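Note sheet for the following structure.
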Amino acid sequence: MIFQGRPGGYDESKAKYAQDTSARTLADVVKNADVFLGCSTAGVLTPAMVKTMGDKPIILALANPEPEIRPELAREARPDCIIATGRSDYPNQVNNVLCFPYIFRGALDCGATKITESMKLACVREIAQLAKADISEEVANAYAGKELSFGPDYIIPTPFDSRLILRIAPAVARAAAESGVATRPITDFDAYTQSLTRFVYQTGMIMRPVFVAAKQSNAKRVAYAEGGEDERVLRAAQLAVDEKLAQPILIGRPAVIEARIAKAGLRLKLGQDVTVVNPESDTRFRQYWETYHRLMGRDGITPEAAKAAVRRSNTLIGALSVYLGDADAMLCGMVGRFEHHLEHVRDVIGCREGEGFATLNALMLPERTLFIADTYVNEEPDAELLARIAVMAATEVRRFGLPPKVAFLSHSNYGSSRRGSAMKMRQARELFTRLAPDVECDGELQGDAALSEKVRRDSLMDSTLSGEANLLICPTLDAANILFNVLKMTGGHGVTVGPILLGAKAPVHVLTPSATVRRVVNMTALVSAAAVRA
């Protein structure tokens, strides 16, 4: 205890803490205390001392690597205590990585001349608020099997939470401006926060125009076929509500959805934040199966078969909801085979006139973003279909704010092979130039030539493509899918957008079972933006 008149005295830094008291030891001081804060050494706080503390004591035992008291000992002595340590193997890890990088990020971005108390307080308040927010995908994955929600074992965000920078840096920059220490005050905080996503999600910058488009009007109604059975969808729906990207329609059993929302620690309220379509009892069931029978009666679907099909397929329900105007868009495909989901989309929604279905995947690589088609639909497309796929894909690339530059890939360069596949890609390029004369393109090209102007120049002086191609049209589904998946794992670290379904009459995308929460959010923005345009 630092007490007045202590033998040997104390330096000025301790003088303001000196008290007129008979307490001398830690055991004396901690009695009836509400909070213990230690950054000292192992074992100085004993279970006997903890027993004497006030109700629901808060114990911050931050000595490393061994805390002042182990959490299991503290809880044995006082089951009502809340304890935090500096260790990652216990709940409530207090780690300076939670704040320092993001304080400096905000301070540097606004040109702060110093770190003020208000800037530090802004950081603290954002950390506190984030502790009460929904658990992010990264946190859920890092702590698989643990149900984390605000309470005694979760009073502080984890260092894995990638949202820290999005919250703290803007708050610190705003506080710096209010303190008068910002030499470059930030004026557009929405744009600034959006710019920070490049440090969080590798898809952040490429998706920015899509998110802007999705938010330009009232959020569109997006049906999620796997809305009741997949936690990834529920987390994405929560983010869609929070970011005003969409009005989620969850297809699934309400009781199951509510249980999964509670387990995930989300804030979604059925009937308030999201609409639910119950496959077992929705009042629109008759309208849906009759519509399906009317569409498919000539293809052998009887009334009883229509009833059974609608009852067992959430994707079919979602497609019918879009067809009948109960939803503006749909996402499906998180469970099951791609072809099965696409079949329902084809039967109910159909293709735009003069177009067919195809898919486009975006791949974020360290030095470039590539779009690859057709990765999932057409096994052996002919030249005419490839040209139409390229036109649809080029239109989609523009949605991301990028000028499309198309390369028709082959095993040959500029007529170096007379094989049928090479001839097909050459013809596809010629057809494409007539359909989209304003889009840069070239082909047939080998992969290195598509990405290197020098390689093209050495082979052909008058290439009709400048710089790097960003839209790669492959000769077969196998080629496109193999290229996409190899690049995804070797160069893109699995960061992708898609599959983007091209050619559908309504905004619908069929995802894959490997989709992450972030990919579902990105696809929600994409489909919502398309619904805005529609």
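Only a predicted model underlies this, so the values are computations on that prediction, with no experimental measurement involved.
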* Contact summary for Ala469 and Ala407, nearest pair of heavy atoms -> CB-CB, 3.6 Å

* Asked: Just by distance, with hydrogens left out, do Asp282 and Tyr288 show a side-chain donor and acceptor under 3.5 Å apart?
  -> no

* To do: Look at the side chain of His341 and the backbone N and O of His509, then say whether any donor-acceptor pair between them is shorter than 3.5 Å.
  => no

Kindly list each side-chain donor-acceptor pair under 3.5 angstrom involving residues 389-399, sequence neighbours excluded, with atom names and distances?
{"from": "Thr395", "atom 1": "OG1", "to": "Val391", "atom 2": "O", "distance (Å)": "3.1"}
{"from": "Arg398", "atom 1": "NH2", "to": "Asp438", "atom 2": "OD2", "distance (Å)": "3.2"}

* Asked: Between Leu386 and Cys474, what is the shortest heavy-atom contact and its length?
  -> CD2-O, 3.4 Å

* To do: Grab the two heavy atoms, one from Thr315 and one from Glu226, that are nearest each other, plus how far apart they are.
  => OG1-OE2, 4.3 Å

* Could you tell me whether Arg388 and Glu355 make a salt bridge, using a distance below 4.0 angstrom between a side-chain N and a carboxylate O? => no

* To do: With side-chain contact (heavy atoms from CB on, under 4.5 Å) as the test, would you mind laying out the steps for Phe400 and Val210 before giving the verdict?
  => CA-CA 6 Å; Phe400 292 85; Val210 177; 3.8 Å; yes

* To do: Test Arg294 against Glu290 for salt bridge (charged side-chain N to carboxylate O under 4.0 Å, His left out), laying out the working first.
  => CA-CA 6 Å; Arg294 186 171 67 253; Glu290 286 181 346; over 6 Å; no

* Asked: If you take all heavy atoms of Val310 and Trp289, which pair is closest and at what distance?
  -> CG2-CA, 3.8 Å

* Do we get Arg346 above Phe357's six-membered ring, with its NZ or CZ under 6.0 Å from the centre and within 45° of the axis? -> no

* To do: Measure from NZ or CZ of Arg174 to the centre of the six-membered ring of Phe189 and say whether it is under 6.0 Å with the direction within 45° of the ring axis.
  => yes

* Tyr224 vs Asp230 side-chain heavy atoms within contact, under 4.5 Å -> no

* To do: May I ask you to test the Leu445-Ser410 pair for a side-chain heavy-atom distance under 4.5 Å?
  => no

* Output yes when a side-chain donor or acceptor of Glu440 lies under 3.5 Å from a complementary backbone atom of Ser466, and no otherwise. => yes

* To do: Check whether any side-chain heavy atom of Leu385 lies under 4.5 Å from a side-chain heavy atom of Asn378, and answer yes or no.
  => yes

* Ile317 and Val277: CA distance, side-chain angles, deciding distance, side-chain contact (heavy atoms from CB on, under 4.5 Å) verdict -> CA-CA 9 Å; Ile317 293 172; Val277 175; 3.9 Å; yes

* Counting only heavy atoms not in Arg267, do more than 12 sit closer than 6.0 Å to its CZ atom? -> yes

* To do: Using a strict cut-off of less than 4.0 Å between a Lys/Arg side-chain nitrogen and an Asp/Glu carboxylate oxygen, indicate whether Asp326 and Arg284 qualify as a salt bridge.
  => yes

* Asked: Checking salt bridge (charged side-chain N to carboxylate O under 4.0 Å, His left out) for the pair Arg434/Glu430: CA distance, chi angles, key distance, verdict?
  -> CA-CA 7 Å; Arg434 293 199 287 269; Glu430 292 171 356; 5.5 Å; no

* Asked: Do Glu444 and Arg426 meet the salt-bridge criterion of a basic N to acidic O distance under 4.0 Å?
  -> yes

* Just how far is it from atom CG of Asn481 to atom CG of Asp374, taken to the nearest 0.5 Å? -> 9.5 Å

* Indicate the atoms forming the closest heavy-atom contact of Ser412 with Ala422, along with that distance. => OG-CB, 3.2 Å

* Looking just at side-chain N and O atoms, do Thr302 and His293 make a donor-acceptor pair shorter than 3.5 Å? -> no

* Check the pair Met330, Cys332 against side-chain contact (heavy atoms from CB on, under 4.5 Å), reporting the backbone distance first and the verdict last. => CA-CA 7 Å; Met330 180 184 73; Cys332 61; 3.8 Å; yes

* Check for a donor-acceptor pair, side chain of Lys424 on one end and backbone N or O of Pro475 on the other, with a separation under 3.5 Å. => yes

* To do: Walk me through it: do Thr476 and Glu380 pass the test side-chain hydrogen bond (donor to acceptor under 3.5 Å, both in side chains)?
  => CA-CA 5 Å; Thr476 65; Glu380 293 278 353; 5.4 Å; no

* Regarding Ser281 and Asn278, is there a side-chain donor-to-acceptor distance under 3.5 Å anywhere? -> yes

* Not counting sequence neighbours, which residues clear ring-ring contact (aromatic ring centres under 6.0 Å, His included) with Phe338? List them please. => Tyr376

* Taking Thr359 for the side chain and Thr375 for the main chain, is one N or O donor matched with an acceptor at less than 3.5 Å? -> yes

* Asked: Do Arg232 and Thr516 meet the criterion of a side-chain donor-acceptor pair at a distance under 3.5 Å?
  -> no

